[in-house]
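Data first, discussion second: the structure below is written as structure tokens.
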Amino acid sequence: MSTIAGGRAARRQTMRRIRPRRSPAIPLLIAVWAGAAGVIWLWWSNTPSIADDKGRILNAGRITGLLAGYLMALVVLQMARVPALERRVGSDRVARWHAMSGRYTLCLTLAHILLTMYGYALQSGTGIVEQTVDSVTTLPDMGKAAIGASLLLFIGLISVGALRRRIPYDTWYHIHLLTYAAVYLSFWHQLSTGNDFAVEPTATTAWYVLYGTVTALALWYRVLVPIRLNMRHRMRVEEVVEEAPGIVSVLISGKRLHRIGAEPGQFFRWRFLAPGLRLSSHPYSLSAAPRPGLLRITVKALGDHSTALRSLKPGTKVWAEGPYGALTASRRSRGKVLLMAGGVGITPMRALFETLPAERGDLTLLYRANTTQDLALWDELSAIADERGARLMYAVNSPDGERPDINPETLRLKLPDIDTHDVFLCGPPGFAESAYTALRGAGVPARRIHHESFEL
């Protein structure tokens with residue numbers, strides 16, 4: 001690791017008092033489990049004593065169906081991009097919750113279908129296939145439910161890791177939006193054929209409120225808020241600048257962009273209205289603090305979309321959604337801060353490096369790249385370090401290609417008091433995992449390592 005020291009006196013900044021925040025995920029998880037407990041209570045209070053296997057199977061089908069219906073509402077909520085979740089919990093964490101909820105929903109839905117159809121088949125003395133066909137064709141709203149379940153199964157299959165990696169991101173993303181249709185089609189049979197709702201009007205009202213609320217949130221934050229944002233700020237491409245081999249910055253102009261509500265460390269989902277890019281929406285972080293008429297993103301060419309950005313023409317219209325992400329100064333709980341960036345993960349770190357309130361010597365940036373030529377934005381980072389009296393370090397491969405070993409010992413050597421730091425971490429999954437392990441080995445508590453992945 002090499003170090004570049006700041007040579008110019010830092011501007012003195014007033015340090016605000018920092019208080020550690022309790023994780024916002026805890027009350028959210030409590031609310032989710034309370035809702036699940038309410039669903040189980042509804043089922044239990046309407047379940048009579050069961051004397052035979054047929055009754056047990058059918059009642060197992062009831063509870064799996066109720067829980068699947070509850071989780072479907074949560075799946076939509078997690079797709080709604082509600083600021084309270086995206087900015088406080090973190091977009092990557094919400095995405096993981098969404099994936100987990102989707103898996104549970106699919107498993108419960110399949111269990112509900114198999115248990116219910118098998119129980120009915122035992123009661124009627126017919127085969128399970130015949131019983132399923134009869135139920136779908138005769139019971140109210142069951143045809144729509146069958147289509148919804150088929151869509152859920154299809155979405156679940158293409159989201160399996162090995163298959164997901166074979167499908168282009170844009171194709172997977174647009175297919176994934178069919179989740180909304182699947183939930184809508186599956187909703188109605190819950191009320192028209194569900195015994196629990198037939199005997200409990202209060203439960204029916206609660207179900208309408210639950211689904212109505214998440215639908216309203218999805219429409220507001222996925223449709224209306226982006227329309228308002230883009231009508232208000234009217235963004236266009238101002239310039240495209242090459243920063244390093246395969247890395248470009250896109251400067252975006254617009255009206256009153258300093259009022260867009262973004263913080264350093266956050267990202268937007270960007271859609272550039274140019275040929276071949278109109279249908280693609282990708283997340284890219286701001287690489288500088290918002291200015292009155294200018295935003296900037298810095299992107300590495302890793303796929304078709306990011307590679308095409310170098311060909312954008314000035315004046316190209318831009319559609320943005322956001323801001324999203326919780327990798328902001330509000331996560332901080334200590335005076336001293338270490339920023340660790342790997343590759344293009346430097347983009348949110350550069351914005352934080354410029355703006356995080358810090359006393360002289362309390363802010364350090366460690367930048368990992370393959371070669372010195374790959375150190376994008378290095379001149380800017382050096383100037384910021386000089387101005388603020390911050391420490392700027394880099395770690396690159398040796399001339400023979402050997403990777404530097406960022407381990408607990410090297411971290412403690414460069415920062416002997418590293419266990420007193422908050423750490424902000426951004427980079428490719430391999431870098432983030434190894435850096436996290438090294439930080440934990442160096443004595444940094446997990447609660448003070450702040451990381452957010454933008455592979456959503």
Side-chain angles (χ1 to χ4, degrees), residues 32-50 52-78 98 100-124 126 128-156 178-215:
V32 168
W33 281 107
V39 170
I40 294 172
W41 174 253
L42 172 66
W43 169 79
W44 182 258
S45 62
N46 291 307
T47 300
S49 57
I50 302 170
D52 56 15
D53 290 340
K54 300 173 186 177
R56 294 188 183 93
I57 293 170
L58 283 172
N59 280 288
R62 278 177 50 225
I63 185 58
T64 52
L66 286 169
L67 289 172
Y70 175 66
L71 282 179
M72 281 185 190
L74 296 185
V75 165
V76 174
L77 177 63
Q78 292 154 0
H98 171 71
M100 180 180 64
S101 299
R103 288 191 290 269
Y104 286 147
T105 299
L106 181 58
C107 292
L108 286 168
T109 299
L110 293 176
H112 166 66
I113 294 170
L114 292 173
L115 289 167
T116 304
M117 293 301 104
Y118 182 51
Y120 283 156
L122 290 177
Q123 282 188 338
S124 62
T126 60
I128 189 171
V129 174
E130 182 181 350
Q131 179 61 53
T132 301
V133 172
D134 181 66
S135 297
V136 169
T137 55
T138 60
L139 293 178
D141 299 313
M142 284 295 292
K144 289 184 287 188
I147 298 173
S150 299
L151 286 175
L152 279 179
L153 179 60
F154 175 61
I155 295 166
L178 291 173
T179 302
Y180 292 116
V183 172
Y184 173 80
L185 292 168
S186 302
F187 171 74
W188 302 104
H189 91 287
Q190 300 175 44
L191 301 180
S192 59
T193 62
N195 293 332
D196 298 279
F197 298 108
V199 299
E200 290 284 354
T202 303
T204 303
T205 301
W207 220 243
Y208 272 118
V209 169
L210 173 64
Y211 274 79
T213 300
V214 298
T215 300

ask   = Which atom names give the shortest non-hydrogen contact between I113 and A149, and what distance separates them?
value = CD1-CB, 3.9 Å
ask   = Do Y211 and Y70 have ring centroids that are under 6.0 Å from one another?
value = no
Spacing of CG belonging to L66 relative to CG belonging to D196, to within rounding of 0.5 Å = 4.5 Å
message = Could you measure the distance from the CG atom of L153 to the CG atom of L110? Nearest 0.5 Å is fine.
response = 6.0 Å
message = On a heavy-atom basis, which atom in L108 and which in A68 lie closest, and how many Å separate them?
response = CB-CB, 3.8 Å
ask   = Any donor-acceptor pair under 3.5 Å linking the side chain of H112 with the backbone of G61?
value = yes
ask   = Nearest heavy-atom pair of A145 and H189: which atoms, and what distance?
value = CB-ND1, 3.5 Å
request  = Check whether any side-chain heavy atom of V32 sits under 4.5 Å from a side-chain heavy atom of L74, and report yes or no.
outcome  = yes
task = Would you please say whether a donor-acceptor pair under 3.5 Å links the side chains of T116 and R62?
result = no
key: Parallel, tilted or perpendicular: ring planes of Y208 versus F187, cut at 30 and 60 degrees   = perpendicular
task = Work out which heavy atom in A111 is nearest to a heavy atom in T64; give both atom names and the distance.
result = C-OG1, 4.0 Å
query = Which pair of non-hydrogen atoms, one from D141 and one from S192, has the smallest distance, and what is that distance?
reply = OD2-OG, 2.8 Å
inquiry  = Is there a side chain to side chain contact (heavy atoms under 4.5 Å, CB included) between V39 and W43? Walk through the geometry before answering.
reply    = CA-CA 6 Å; V39 170; W43 169 79; 5.8 Å; no
inquiry  = Would you compute the distance between atom OH of Y180 and atom OG1 of T215 and round it to the nearest 0.5 angstrom?
reply    = 9.5 Å
ask   = Atom OG1 in T126, atom CE in M117: separation rounded to 0.5 Å?
value = 10.0 Å
message = With rounding to the nearest 0.5 angstrom, report the OG1 to CG distance, T47 to N59.
response = 4.5 Å
message = Set out, in order, the CA-CA distance, both residues' side-chain angles and the distance that settles side chain to side chain contact (heavy atoms under 4.5 Å, CB included) for Q123 and L58, then state yes or no.
response = CA-CA 10 Å; Q123 282 188 338; L58 283 172; 3.2 Å; yes
inquiry  = Please evaluate residues T109 and M72 with respect to the criterion side chain to side chain contact (heavy atoms under 4.5 Å, CB included), reporting the C-alpha separation (whole Å), side-chain torsions for both, the decisive distance (0.1 Å), and the verdict.
reply    = CA-CA 10 Å; T109 299; M72 281 185 190; 3.8 Å; yes
Polar side chain donor-acceptor pair, T204 to E200, under 3.5 angstrom = no
ask   = Of the non-hydrogen atoms in L42 and A203, which two are nearest, and what is the gap between them?
value = CD1-CB, 3.8 Å
task = Examine distances only and state if a side-chain atom of D134 and a backbone atom of E130 form a donor-acceptor pair shorter than 3.5 Å.
result = no
task = Measure the CD1-OG distance between I40 and S45 for me, rounded to the nearest 0.5 Å.
result = 12.0 Å
query = Does the pair S135 and Q131 meet the rule for a side chain to side chain donor-acceptor pair (under 3.5 Å), with working shown?
reply = CA-CA 6 Å; S135 297; Q131 179 61 53; 3.1 Å; yes
task = Would you sort out whether V199 and N46 count as a side chain to side chain contact (heavy atoms under 4.5 Å, CB included), showing the intermediate values?
result = CA-CA 8 Å; V199 299; N46 291 307; 3.4 Å; yes
task = Please work out which of the three classes, parallel, tilted or perpendicular, describes the rings of W188 and Y184, given edges at 30° and 60°.
result = perpendicular
